[in-house]
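One structure is given below, encoded as structure tokens.
Both backbone and side-chain heavy atoms feed into the values below; hydrogens, waters and symmetry mates do not. Every chain is numbered from 1, with letters handed out A, B, ... down the list of sequences.
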2 protein chains.
Amino acid sequence: MLRNDITVAIRNAVMSELAEVGYGRLSIEAVARRAGVGKTAIYRRWSNKLEMVLEIITDVAGRKVPVPDTGSFADDLDLLMMIVSRALQHRVASQIIPDLMAEAARNPQIAETLQRVLRLHQQSVGEKLVGQAIARGELPEGTDADVAVDLILGPLYWRLAVSRQPIDGDYLEKLAAAVLGSLRGGSAKSK
Amino acid sequence: MLRNDITVAIRNAVMSELAEVGYGRLSIEAVARRAGVGKTAIYRRWSNKLEMVLEIITDVAGRKVPVPDTGSFADDLDLLMMIVSRALQHRVASQIIPDLMAEAARNPQIAETLQRVLRLHQQSVGEKLVGQAIARGELPEGTDADVAVDLILGPLYWRLAVSRQPIDGDYLEKLAAAVLGSLRGGSAKSK
DNA sequence: ATGCGGCGGAACGCAACCGTTACGTCGTAG
DNA sequence: CTACGACGTAACGGTTGCGTTCCGCCGCAT
């Protein structure tokens, strides 16, 4: 019944609007205006701003991220960092993600949704990667996957989404090398 | 002329309101309500929501952070991480900082203010610290301070302000050890 | 040919907030 | 005692957005 092209237009408008003004200031009327549809079309699909945003970002972020598995941890790491950095450099993503993260700190519904989406996908990627490396003997036995994930994603996120400095050609390599060194150094052991 | 107790009440109210609803939804009327003052008292001091917030956060964040200088890079690092993690665990800070960071991505005025405050204080701390360590010969000559700062602050910020997982007793130690290893590993060389 | 249903558009009453103004109170300086 | 100025309160007109309703249009299935 509901026309699909209209739905798509609304989804795109929501993403753009989220990027431009953030969740806090996102208004249904602005979404309708931007999508070139009537408010009725929106309320026919969702009953809330919150419900609408949650459904849409769940859908967008839920697309599976391929787990790098090149056979070598160093290469896996390079690849993962490239994928993540590419994602974080997309204009829309780099605006929406920090905004929703901040919003999650005060809205449990958003927090829970992001946790589901990010932790179950992206973060599990990191854990899987570390697991593979340990199994292959490339990382020390007791390596703490938790710490490892923070070490891998933290600097990238900080650089790209927070301090927003451009990354030049070999920055990624240097960072990957440093992360590799920190994990192999045998310091991030658990218990 | 302007009563100081009123000014203080407003400043506190702004911080609380920022933490609760974020910059996007912060309203002058809500601030006045919370501070128990009239809107006139606010407009007598600032002419804008933006101007008000900028002035207040500049003041709050501008308080100098002591640069750790224990004589040993490892101890400096431990200390710095403890200071930063403490700061990021304060409820108000952990809500306001990500919110303003996200807002900075779309408001140049906020971005510039945060850059001034954070980069000139916190970030320079990191660079100074690395500089000391290189001078003492504790880190390789060409260590890239840029990468080092990302490696130090990134994981902490990610953990505390983004993924918001609690840090147990020895997490900080493990993280510090890993960071130390990554820098000493001689990987984060410049050029 | 007819009818159903999604569509855009317009308007509704309601609420919040903007930035400004007028008013009356109160503490303090002179 | 008087005058000044900051204060809280209340109200202003104007804007924006909510969520709802009604209208007329149009595509599509029967």
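- Using a 3.5 Å distance cut-off with no hydrogens or angles, the side chains of B:Tyr171 and A:Asp150 do pair a donor with an acceptor.
- Separating the CD1 atom in A:Ile97 from the CG atom in A:Leu114 is a distance of 9.0 Å, to the nearest 0.5 Å.
- Distances from the side chain of B:Arg3 to the nucleotides D:dC7, C:dC17, D:dG17 place D:dC7 closest.
- Remark: P of D:dG19 and CH2 of A:Trp46 are 14 Å apart, rounded to the nearest angstrom.
- One can place CD1 of B:Ile6 at 18 Å from P of D:dG5, the figure rounded to the nearest angstrom.
- Nearest approach of B:Gly154 to A:Trp158, heavy atoms of both residues: CA-CB, 3.5 Å.
- Taking only side-chain atoms of B:Ile28, from C-beta outward, the nucleotide of C:dG19, C:dC7, D:dG19 with the closest atom is C:dG19.
- For A:Thr40, counting side-chain heavy atoms from C-beta on, the closest listed nucleotide (D:dC22, D:dG19, D:dG8) is D:dC22.
- Backbone-only engagement by A:Arg45 is indicated by non-hydrogen atom pairs under 4.0 Å involving sugar-phosphate atoms exclusively.
- Counted by atom type alone, A:Ser27 and A:Glu29 present zero donor-acceptor pairs between their side chains at under 3.5 Å.
- The residue among A:Met1 and B:Arg33 whose nearest nucleotide of DNA chain C lies closer to the 5′ end is A:Met1.
- Between A:Lys128 and A:Asp69 there is no salt bridge, since no side-chain nitrogen of the basic residue lies less than 4.0 Å from a carboxylate oxygen of the acidic one.
- C:dC17 atom P lies 13 Å from atom CZ of A:Arg25, rounded to whole Å.
- At whole-Å resolution of the value, CG in A:Asn4 and C1' in C:dC7 are 15 Å apart.
- Nearest to the side chain of B:Ala41, among C:dG19, D:dG8, D:dG19, sits D:dG8.
- Scanning atom types as modelled, no donor and acceptor separated by under 3.5 angstrom connect the side chain of A:Lys39 and the base of C:dG9.
- The nucleotide whose nearest atom lies closest to any side-chain atom of B:Glu29 is, among D:dG19, D:dG8, C:dC18, C:dC18.
- Counting to the nearest Å, the C1' atom of D:dC12 and the OH atom of B:Tyr43 are 14 Å from each other.
- When each of D:dC18, C:dG19, C:dC7 is scored by its nearest atom to the side-chain atoms of A:Arg44, the top-ranked nucleotide is C:dC7.
- Side chain of A:Leu2, nearest nucleotide from C:dC7, C:dT20, D:dT20: C:dC7.
- A:Asn48 places its CG atom 6 Å from the P atom of D:dG19, with the value rounded to the nearest Å.
- Taking atom CG on B:Asp5 and atom P on D:dG8, their separation rounds to 9 Å, with Å as the unit.
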